[in-house]
2 protein chains.
Amino acid sequence: MAAQRDQGHNGDQPPATVADAPAREVTARDVPAARERARAIPEAAVARLAVYLRVLSAMGEDGVTTISSEELAAAAGVNSAKLRKDLSYIGSYGTRGVGYDVDVLISEIERILGLTRKHSVAVVGIGNLGHALANYGGFPSRGFPVAALFDVDSDLMGVPVGGIPVEHIEDIESICREREVTIGVIATPPSVAQDVCDRLVSGGVQCILNFAPVVLGVPDHVEVRKVDLAVEMQILSFHVARRADEAQAEVTVDGTRPGVGEAVVGR
Amino acid sequence: MAAQRDQGHNGDQPPATVADAPAREVTARDVPAARERARAIPEAAVARLAVYLRVLSAMGEDGVTTISSEELAAAAGVNSAKLRKDLSYIGSYGTRGVGYDVDVLISEIERILGLTRKHSVAVVGIGNLGHALANYGGFPSRGFPVAALFDVDSDLMGVPVGGIPVEHIEDIESICREREVTIGVIATPPSVAQDVCDRLVSGGVQCILNFAPVVLGVPDHVEVRKVDLAVEMQILSFHVARRADEAQAEVTVDGTRPGVGEAVVGR
DNA sequence: ACGACTTTGTGCCTGCGTTCACAAGCGGCT
DNA sequence: AGCCGCTTGTGAACGCAGGCACAAAGTCGT
């Protein structure tokens with residue numbers, strides 16, 4: 001049991017419950033609890049739901065039909081109480097004494113995540129990363145068909161990448177509108193990221209996944225998620241440094257070896 | 001006010017103050033050396049420090065020598081109070097009435113993030129994504145030299161990618177040890193990710209950036225950060241769906257009829 | 001040299017998210 | 001059918017992170 005520890009730390013950006021809007025009074029207790037309505041699902045829980053979905057899909061393919069919160073939690077690398085609470089946000093689909101029906105859970109999570117609709121994706125910036133993204137099988141296989149590719153390089157125009165021809169950045173707006181692209185992926189150099197972002201927004205794109213290391217300005221109705229590889233590395237670097245410090249301190253303080261053993265705490 | 005809004009929502013994984021380690025007993029280990037050493041910088045703050053560093057570097061190159069918390073906060077897309085608090089975690093390096101010295105701040109953040117030491121990186125899995133990562137200029141330029149590349153495909157052996165020859169996965173352990181790799185990047189298919197991870201750990205790698213959609217099991221002394229593109233997309237998808245729901249609900253809004261159910265919302 | 005202005009650093013408060021612990025509920029066994 | 005044991009669902013407590021607002025501190029102008 002090699003450590004099913006806490007796993008990756010991603011204390012990224014803001015917390016923000018899904019509920020908040022601009023400055024409305026909200027009063028939170030409307031009552032559309034009728035059937036669906038994803039009310040007040042914590043952002044963090046949404047991220048985990050996506051993970052559960054992946055695990056469940058894999059299990060479903062292995063023929064598993066029922067699973068307990070304990071098992072699923074272990075497979076997803078989280079605490080079982082947290083898992084149950086996460087699932088409770090989307091409704092009660094478990095059977096006490098038994099567990100959850102894998103298929104039911106999959107459908108419900110997909111429904112909540114909005115995966116029942118197709119979300120066409122446009123990738124902008126067909127450099128190394130853009131290339132990888134355009135070819136990334138994980139997108140289409142999970143309901144995110146790549147509908148368009150864009151770049152500025154005229155040598156790339158019309159060249160098919162992953163089966164889709166590259167088009168010019170100038171045409172982002174019209175093409176996105178035409179193909180009903182809802183998600184834009186920015187994999188351009190930072191200098192043009194904002195421009196590209198604006199074009200995507202003009203084209204009706206509602207959500208943006210930004211790989212460029214810049215802070216994008218967008219209207220309130222557009223959602224941006226940022227993935228900054230350098231930042232990820234620096235966070236890791238911080239942890240390495242912290243460990244080194246700790247190890248050193250440990251020696252000075254009580255002479256216990258840091259590395260091995262989980263009985264670290266003794267006492 | 002076009003919208004320099006809150007920017008991306010990344011309520012990813014756990015919160016966890018940098019202090020915690022096991023998930024064991026709460027008792028002991030609160031007081032020990034850990035506190036003294038790692039000044040308990042919140043994980044979220046670390047992530048932001050990396051962002052500040054990027055902004056500051058850019059400003060420094062533009063000849064800016066001094067900056068106020070307000071300006072820096074705006075450039076980094078955060079609240080100025082939060083920024084000041086983040087900076088206070090690493091010490092007091094500002095001058096009241098003036099602001100912060102850009103160069104000083106850069107050095108201090110670099111020190112805290114452990115960027116004074118070199119962190120050699122190994123990329124495993126030279127597919128589309130691995131290719132992109134190996135060529136990614138953001139790594140070496142920020143103090144993360146790519147020291148080794150690995151894959152299983154024998155056709156790739158020895159082929160230089162981004163100037164570095166690809167080596168076989170079998171040799172991960174020895175090469176990582178030899179070249180003192182501290183950070184491993186996994187860009188392989190999920191099926192082999194755990195195996196690769198184990199090899200990296202055996203090779204002395206302390207931190208892993210995992211792009212494979214699997215939950216890795218690692219010893220306690222290894223740090224893992226996960227970047228799952230499909231999960232990112234699904235989170236965006238959720239927000240699209242939520243927006244659609246809200247828009248629809250807007251019509252019914254403010255009926256203020258508590259009516260049935262009462263819902264579970266408030267407490 | 002002194003006062004007014006600017007900006008930092010931080011104590012406090014609020015609120016979200018995580019965890020604990022347990023009652024309710026359901027299936028299986030006798 | 002009734003009891004027993006297992007697992008869910010959730011109320012409650014806790015802890016961390018974010019935001020406000022202000023006192024401390026230093027600078028600039030006169």
Side-chain angles (χ1 to χ4, degrees), chain A residues 6-7 9-20 23 26 28 39-49 66-74 77-101 104-105 108, chain B residues 6-7 9-20 22-27 30 35 39-49 66-74 76-101 104-105 263-267:
Chain A
D6 194 46
Q7 188 61 289
H9 283 201
N10 280 40
D12 284 319
Q13 267 161 344
T17 300
V18 175
D20 79 314
V26 185
R39 197 140 230 70
I41 301 182
E43 179 80 12
V46 174
R48 286 190 298 267
L49 283 173
T66 291
I67 191 169
S68 72
S69 65
E70 206 68 53
E71 298 172 288
L72 181 52
V78 303
N79 176 308
S80 74
K82 192 190 290 184
L83 178 135
R84 287 200 301 278
K85 180 145 285 191
D86 287 344
L87 293 183
S88 79
Y89 289 130
I90 67 175
S92 301
Y93 300 104
T95 306
R96 294 168 191 238
V98 178
Y100 299 90
D101 181 282
V104 170
L105 220 43
E108 291 304 325
Chain B
D6 194 46
Q7 187 61 297
H9 282 201
N10 280 42
D12 283 320
Q13 267 160 340
T17 298
V18 176
D20 82 314
R24 284 285 232 239
E25 304 290 315
V26 228
T27 46
D30 298 30
R35 177 201 300 280
R39 304 142 265 264
I41 303 181
E43 181 78 11
V46 174
R48 286 190 298 267
L49 283 173
T66 293
I67 191 170
S68 72
S69 64
E70 206 69 51
E71 297 172 288
L72 182 51
V78 304
N79 175 307
S80 73
K82 193 191 290 184
L83 177 137
R84 287 199 300 277
K85 184 155 285 187
D86 287 345
L87 293 183
S88 79
Y89 290 130
I90 68 176
S92 301
Y93 301 104
T95 305
R96 294 171 191 234
V98 178
Y100 299 89
D101 180 282
V104 170
L105 219 43
V264 275
V265 190
R267 48 168 69 223

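Predicted model, so just to flag it, every value in this text is computed and none were measured. Throughout, a chain's letter reflects where its sequence line sits, starting with A, and its residues are numbered from 1.
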>> Checking the side chain of E108(A) only, and the main-chain atoms of L105(A) only, is there a donor and an acceptor separated by less than 3.5 Å?
In response: no

> Within this structure, what is the CG-to-P distance between L83(B) and dT8(C), rounded to whole angstrom?
Replying inline: 9 Å

> Rounded to whole angstrom units, what separation is found between the OH atom of Y89(B) and the P atom of dC16(D)?
Replying inline: 11 Å

> Quick one: what's the B/S/- string for nucleotides 21-30 of chain C, heavy-atom cutoff under 4.0 Å, read 5' to 3'?
Replying inline: B--BBBS---

> To the nearest Å, how far apart are L105(B) CG and dT7(C) P?
Replying inline: 16 Å

>> Closest approach to the side chain of S88(B), judged atom by atom: which nucleotide of dT7(C), dT10(C), dT18(C) is it?
In response: dT10(C)

>> It should be established whether N79(B) places a side-chain nitrogen or oxygen under 4.0 Å from OP1 or OP2 of nucleotide dC20(D).
In response: yes

> Y100(A) OH to dC6(D) C1': how many Å, rounded?
Replying inline: 13 Å

> What are the two closest heavy atoms between S80(A) and S69(A), and how far apart are they?
Replying inline: CB-O, 4.0 Å

> What integer distance in Å separates Y93(B):OH from dG26(D):P?
Replying inline: 16 Å

> Can you find a heavy atom in the side chain of V98(B) that is under 4.5 Å from one in the side chain of T66(B)?
Replying inline: yes

> Of all the choices, dC20(D), dT8(C), dT19(C), which nucleotide is nearest to the side chain of S69(B) once you look at every atom?
Replying inline: dT8(C)

> Out of curiosity, R84(B) CZ to N79(B) CG, how far, rounded to the nearest 0.5 Å?
Replying inline: 8.0 Å

> Does the base of dG19(D) carry an N or O that pairs as donor and acceptor with the side chain of K85(B) under 3.5 Å?
Replying inline: yes

> Expressed in angstrom and rounded to an integer, what is the separation of D86(B) atom CG from dG9(C) atom P?
Replying inline: 12 Å

> How long is the span from the CG atom in L83(A) to the CD atom in E71(A), to the nearest 0.5 Å?
Replying inline: 11.0 Å

> Can you check the E70(A) CD to dG5(D) P distance for me, whole Å?
Replying inline: 19 Å

>> Tell me the closest heavy-atom pair linking D86(B) and A45(B), and the distance in Å.
In response: OD1-CB, 3.4 Å

> Whole Å only: how far is the NZ atom of K82(A) from the P atom of dA12(D)?
Replying inline: 22 Å

> What heavy-atom pair brings G94(A) and Y100(A) nearest, and what distance separates the two atoms?
Replying inline: CA-CD2, 3.4 Å

